[in-house]
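Protein chains get the first letters and strands the later ones, always in sequence-line order, with residue 1 at the start of each. All values below were derived from every heavy atom in this structure, side-chain atoms included, with hydrogens, water molecules and symmetry-related copies excluded.
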Protein chains: 2
Amino acid sequence: MAQRRSGHVTLLDIARACGLSVSTVSIVLSKAPLSRNVAAATRDQILTTARQLGYHPDAYARSLRSRHSQTIAVLSFDLSDPFCIPVVRGIQARLDSESYLPLLMDAQTQRRLFDKYLNMILERRAEGVIVIASWVFEETNLLADIKKNHVPIVIVSRDLSRRGISSVLVDNEAGGALAMRHLRDLGHRKIAVVRGPKDLFDSEPRWIGIQRAADEAGIRLDRKLVFRLPNLVDPMSGFEGGLKFAQQMLASKRPFTAVLAFDDLTALGVVRGLSEAGLRIPEDCSVVGFDDVLPAAVATPGITTIRQPIKEMGTRAANWMLEALDAREQGREAAPRLHRSTPELVTRMSSAPPPGKRVKKR
Amino acid sequence: MAQRRSGHVTLLDIARACGLSVSTVSIVLSKAPLSRNVAAATRDQILTTARQLGYHPDAYARSLRSRHSQTIAVLSFDLSDPFCIPVVRGIQARLDSESYLPLLMDAQTQRRLFDKYLNMILERRAEGVIVIASWVFEETNLLADIKKNHVPIVIVSRDLSRRGISSVLVDNEAGGALAMRHLRDLGHRKIAVVRGPKDLFDSEPRWIGIQRAADEAGIRLDRKLVFRLPNLVDPMSGFEGGLKFAQQMLASKRPFTAVLAFDDLTALGVVRGLSEAGLRIPEDCSVVGFDDVLPAAVATPGITTIRQPIKEMGTRAANWMLEALDAREQGREAAPRLHRSTPELVTRMSSAPPPGKRVKKR
DNA sequence: TTATATTATTCAAACGATTGAATACCAAGC
DNA sequence: GCTTGGTATTCAATCGTTTGAATAATATAA
């Protein structure tokens, strides 16, 4: 384990140990085309000495020279949101077989950190950026710096395709409608709704879908039973919002037999609020969420929800990124794309026919 | 936005645009000591041109030269485990003010990925590694390669201090005892236990603490009501294990009024299993978890649990890392340390006195 | 025997930044 | 007029790797 001035073993160390030049060693260790006419004996000698000395090529030197960082930045707006991890998993799954390293960054819902990481992405010469963000945050020129440097971008959970950025997200409107239709099918007519916060992209289309399906079913939504979450700072605030609004619903004395929540955490908050008031879920009131994240699945009763194919969305984003990188390699510029994944109803235990209308079993 | 052969703006671009040498530009932009005797006019000119051209220093070139990657790797055994994120948050919180970038890596409970990332850590010349791992995985020489290269290591959630690695973890034994004493205080005598899997470091000490507290309270644990989780592959398997064992408990026909679960996900599984059989939590049976992760807090009933100060543990780990880096800077080698955080009982709604023993309110 | 190819290895110039040493300029001191 | 001492800027080497071009040694063809 020969150590030199720097703590790490370099090509030069190996070259010296073998009595060869740095070039030869490099050619062999990086499996360059030329290595096919390096004598087998020499090759073996280099390989074994490298192993003995514990050689690890310096990614910095290599990237500097080769002009490839082999890095794809994954900038998440909030890693503590259970939504993000499956996206990341999907990305990792696709990137695992490639030689790219996903560079995970967590903006923690803070604009300052978002900017800071954007800057690091540029400095670290990431070859592409996958952004997981539902924020609106006046993003007009947030990603401008990235685009200016011709770094391909793919965004998950937000439609920026008209700004020229490839986007993959769930069909929120269809999802909202799906949730509403599920409640209608069960026989509910009086439905409370907790809408998402203003600065979240998903909020509006989901609400539109809900209204559309309500109209189609001839259900009139009681304005007093429609709430709107304040801006979220972390996943817990969705829960707390749901809890608070559940109390308000009850306090309003308006009749309702089901609650359609903006997302799963909100739904869990609603369940808590209603339960504390002595209501049983789903016997006295149904609750439906959105997303299908882990906490919704492991709660009891399990939350009926609209599933986003989260992991698949991540994989798709990674796939597009690889294609964009390929295109750029060939001098082309990949055209921005848009994909709306189809949401899916996951029926768990938090929804059932309204009280006094037990038509289906359970 | 002058682009050169590489897509990025370099010092040379700025130097040319200003009619100065690369050195001067570098000195100004990197705020080197020499910059104090660069004429103010020159300085301004450089600064504004840099901004205009959209200059971002190349981290690779800089690190290669300065021999500092400004990177601390954070290798998590499974990011989808709700335990990991708060640790990461704690690390980020401490590192945010420093110029170090946390390089997040997710081994997804796969040995192969763990190795792969370990290798990347070396290649990317991370200056330190914080490992979040409770695995046993015959780690004898897993981290050997890292140590050989004199990269400081701090491990979270595992005691490797006798192997010379600084370790911060919760006092599992105290936590186990705390949980048991809580149930005893409520009046429980017949308690089922779901032990952790063999290859998880936490399993044994928690079990020891539970037994110790049971002994002290004169509680005899019914062997038929003690279960052991199989090895976990993801957070859901804890849930499924709890669910399955709850069914076995009931099938065994042995009497019990409380369940002490290995962790929160397991506790949630137990709650589900008992609920499906018609038992009410906590009226008919109490359930206690361990860790205090998000799903335990947002479930209804909220899970009574033993809280680990997870974020603080992350912060401490980061702090030690910075100190170790400092020490190394000065040629010293920081001595390995060990900290056992004090666990704390968080009383929620899943625990209450046993049926027929309603002594306390509620 | 000389030219030509093939095989095995090395030279040397990058990549983009940093930095100790060098240079040029100019004023002041003797 | 020559040194001394700032001030302002540049030279040139360096970090560890890659790679097109060059070289050397050997084998094959003419």
At under 4.0 Å, does any side-chain N or O of [X] touch on OP1 or OP2 of [N]?
X	N	answer
A/Ser23	C/dT9	no
B/Arg67	D/dT14	no
B/Tyr55	C/dA17	yes
B/Thr24	D/dT9	no

field: Pairing pattern in dot-bracket form [Watson-Crick, G-U; both distances under 3.5 Å; | = partner strand] for DNA chain C
entry: ||||||||||||||||||||||||||||||

query: Sequence neighbours excluded, which residues qualify as ring-ring contact (aromatic ring centres under 6.0 Å, His included) partners of B/Phe83?
result: none

query: For the side chain of A/Leu64, counting heavy atoms from C-beta on, which of D/dT18, C/dG16, C/dT9 is nearest?
result: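 Of D/dT18, C/dG16, C/dT9, C/dG16 is nearest to the side chain of A/Leu64.
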
- prompt: Between the main-chain N or O of B/Ser166 and the side-chain N or O of B/Ser161, is there a donor-acceptor pair closer than 3.5 Å?
  reply: no

query: How would you label the contact of A/Ile27 with the nucleic acid (heavy atoms, under 4.0 Å): base, sugar-phosphate, or nothing?
result: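 Base contact.
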
- request: Look at all strands and tell whether A/Ser30 reaches a base, only sugar-phosphate, or nothing, counting heavy atoms closer than 4.0 Å.
  value: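 Sugar-phosphate only.
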
- prompt: Want to settle it: does A/Ser66 or B/Gly19 sit nearer the 5' end of DNA chain D, counting the closest nucleotide to each?
  reply: B/Gly19

With a 3.5 Å cut-off and sequence neighbours excluded, list the donor-acceptor pairs that the side chains of residues 28-46 of chain A form with protein atoms.
residue	atom	partner	partner atom	Å
A/Ser30	OG	A/Ser26	O	2.7
A/Ser35	OG	A/Ala32	O	2.8
A/Arg43	NH1	A/Ser35	O	2.8

field: A/Glu333: salt bridge (charged side-chain N to carboxylate O under 4.0 Å, His left out) partners, not counting sequence neighbours
entry: none

When the distance from [atom1] of [X] to [atom2] of [N] is rounded to whole Å, what number comes out?
X	N	atom1	atom2	result
A/Arg62	C/dA17	CZ	C1'	20 Å
A/Leu11	C/dT9	CG	C1'	15 Å
A/Arg16	C/dT10	CZ	C1'	16 Å

message: Salt bridge or not between B/Asp115 and B/Arg111? Use side-chain N to carboxylate O under 4.0 Å.
response: yes

query: Can a donor-acceptor pair under 3.5 Å be found between the side-chain atoms of B/Arg65 and the base atoms of D/dT14?
result: yes

- request: Give me the residues of residues 33-42 of chain B where at least one heavy atom lies under 4.0 Å from an atom of DNA chain C, by number, or none.
  value: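 Contacting residues: none.
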
query: Under 3.5 Å, is there a donor-acceptor pair linking the side chains of A/Thr10 and A/Arg16?
result: no

task: Give a yes-or-no answer on whether the side chains of A/His8 and B/Asn149 include a donor-acceptor pair shorter than 3.5 Å.
output: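 Short answer, yes.
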
- request: Apply side-chain contact (heavy atoms from CB on, under 4.5 Å) to B/Asn119 and list each qualifying residue two or more places apart in sequence or on a separate chain.
  value: A/His56, B/Glu123

message: Which label fits B/His339 and B/Trp320: parallel for a plane angle under 30°, tilted from 30 to 60°, or perpendicular past 60°?
response: perpendicular

